[in-house]
Amino acid sequence: NYKVISQVYDGERLVSESTAGITIVPGNPKIDLEGELMISDKKFHVSDTITIDSSIENVGHADVTNGQMVIKVIDTANKKTVYKYETPLNLAVSETGSDSISVIPETDFADMKGSEYLVTYEAVTEDGQVIPLAGNGFVLEGITVTLYFIDNSNEKWIKNDNAVMELVDN
């Protein structure tokens with residue numbers, strides 16, 4: 001508890017005086033994290049090894065305990081997470097951490113459709129608060145797309161009929 005005294009003067013003469021009591025109540029310390037995400041290159045073949053390095057620093061006023069660090073690889077063509085990496089997160093105030101993962105798309109990614117991928121990096125606190133940290137991206141080459149055509153006259157699937165098809169982006 002503190003006592004605050006306010007006095008107003010007109011020249012040398014005291015015009016007004018008041019007293020108030022205040023109590024300072026401690027608030028919740030703020031969690032504030034900064035992160036960085038680095039990818040070994042920007043263009044890969046589906047059989048290449050992609051290295052993803054991450055770093056995180058606790059720049060807030062509270063320790064982070066029992067949290068999760070989450071890296072997601074998202075296929076932008078179908079807006080689906082094709083790979084997810086989670087690891088425990090425990091950082092004291094001013095502490096830093098880092099991690100490195102390696103993935104091979106053709107064996108590690110689920111349901112690849114497109115060639116452009118977004119990588120997101122976030123922290124999840126013990127109480128479920130999601131803190132976005134950083135993002136990055138890359139392009140994949142060598143994705144095989146199988147097209148099926150329907151012959152409506154016989155209602156059957158046709159595959160590998162040696163037809164030439166041109167795809168046009170309208």
Side-chain angles (χ1 to χ4, degrees), residues 24-150 157-161 163-170:
I24 297 177
V25 179
N28 291 335
K30 183 180 180 210
I31 292 176
D32 192 7
L33 302 169
E34 291 180 355
E36 194 174 347
L37 191 65
M38 290 83 48
I39 299 176
S40 54
D41 205 344
K42 290 292 182 192
K43 189 182 256 188
F44 300 94
H45 188 271
V46 293
S47 61
D48 290 342
T49 298
I50 301 172
T51 302
I52 302 170
D53 297 314
S54 59
S55 64
I56 188 169
E57 182 179 6
N58 185 349
V59 296
H61 301 290
D63 293 346
V64 177
T65 56
N66 301 317
Q68 289 283 340
M69 202 171 64
V70 181
I71 294 174
K72 295 178 188 173
V73 178
I74 301 165
D75 183 342
T76 61
N78 61 11
K79 298 176 181 61
K80 288 186 180 177
T81 299
V82 295
Y83 182 82
K84 185 176 182 181
Y85 172 78
E86 295 178 304
T87 190
L89 176 62
N90 295 290
L91 281 179
V93 173
S94 299
E95 190 176 31
T96 61
S98 62
D99 203 354
S100 182
I101 58 173
S102 294
V103 295
I104 300 172
E106 69 184 354
T107 57
D108 295 330
F109 291 4
D111 197 28
M112 290 187 302
K113 297 272 192 256
S115 61
E116 295 178 358
Y117 291 80
L118 172 67
V119 183
T120 63
Y121 181 36
E122 60 193 23
V124 181
T125 62
E126 184 176 23
D127 64 356
Q129 177 187 2
V130 177
I131 303 169
L133 298 172
N136 212 321
F138 59 88
V139 174
L140 276 184
E141 297 176 335
I143 295 174
T144 303
V145 177
T146 303
L147 298 175
Y148 294 94
F149 300 93
I150 298 175
W157 291 95
I158 299 173
K159 183 178 179 184
N160 297 330
D161 65 355
V164 176
M165 180 179 200
E166 182 178 346
L167 299 177
V168 179
D169 184 10
N170 290 324

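- With rounding to the nearest 0.5 Å, the separation of CD1 in Ile52 from CD1 in Ile101 is 4.5 Å.
- For the pair Phe44 and Ile39, the minimum side-chain heavy-atom distance is below 4.5 Å.
- Here CG of Leu89 is found 11.5 Å from CD of Glu122. Values are rounded to the nearest 0.5 Å.
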> What do the steps show when you test Val124 against Val70 for side chain to side chain contact (heavy atoms under 4.5 Å, CB included), and what is the final call?
Replying inline: CA-CA 8 Å; Val124 181; Val70 181; 4.1 Å; yes
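- Distance check, rounded to the nearest 0.5 Å: CD1 of Ile74 to OH of Tyr83 gives 14.0 Å.
- Side-chain contact, Asp99 with Tyr85: a donor N or O sits under 3.5 Å from an acceptor N or O.
- Of the candidates Val119, Ile50, Leu118, Thr81, Val119 is the only one forming a side-chain contact (heavy atoms from CB on, under 4.5 Å) with Val73.
- The number of heavy-atom neighbours closer than 6.0 Å to CD of Glu86, taken from other residues, nucleotides and ligands shown, is above 12.
- Looking at heavy atoms from C-beta onward, Asp108 lies out of side-chain contact with Val82 at the 4.5 angstrom threshold.
- Between Asp32 and His61, every side-chain heavy-atom pair lies at or beyond the 4.5 Å cut-off.
- Within the 4.5 Å cutoff, side-chain heavy atoms of Met69 are placed close to those of Ser54.
- Here the CD atom belonging to Glu36 is positioned 12.0 Å from the CD1 atom belonging to Ile56, to the nearest 0.5 angstrom.
- The backbone N or O of Leu91 sits less than 3.5 Å from a side-chain atom of Asn58, completing a donor-acceptor pair.
- A donor-acceptor pair shorter than 3.5 Å can be found between the side chains of Ser100 and Asp53.
- Annotation: side chain of Val59 is not in contact with side chain of Leu33 (no heavy-atom distance under 4.5 Å).
- Val139 and Glu116 make their closest contact through CG2-CG, 4.3 Å (heavy atoms, listed as atom of the first residue, atom of the second, distance).
- The side-chain heavy atoms of Ile31 and Thr125, taken from C-beta on, include a pair separated by under 4.5 Å.
- Within the 3.5 Å criterion, the main-chain N or O of Thr51 finds no donor-acceptor partner in the side chain of Ser102.
- A distance of 15.5 Å separates CZ of Phe109 from NZ of Lys80, quoted to the nearest 0.5 Å.
- Nearest heavy atoms, Gly114 versus Ala77: CA-CB, 3.6 Å.
- The number of heavy-atom neighbours closer than 6.0 Å to NZ of Lys43, taken from other residues, nucleotides and ligands shown, is 12 or below.
- For Asp63 (side chain) and Val93 (main-chain N/O), a donor-acceptor pair under 3.5 Å exists by modelled atom type.
- A heavy-atom distance below 4.5 Å is found between the side chains of Leu140 and Tyr117.
- Looking at heavy atoms from C-beta onward, Asp41 lies out of side-chain contact with Phe138 at the 4.5 angstrom threshold.
- Between Val46 and Ile104 the shortest heavy-atom distance is O-CG2, 3.9 Å.
- Nearest heavy atom pair, residue Glu57 against residue Thr96, reads CG-CG2, 3.5 Å.
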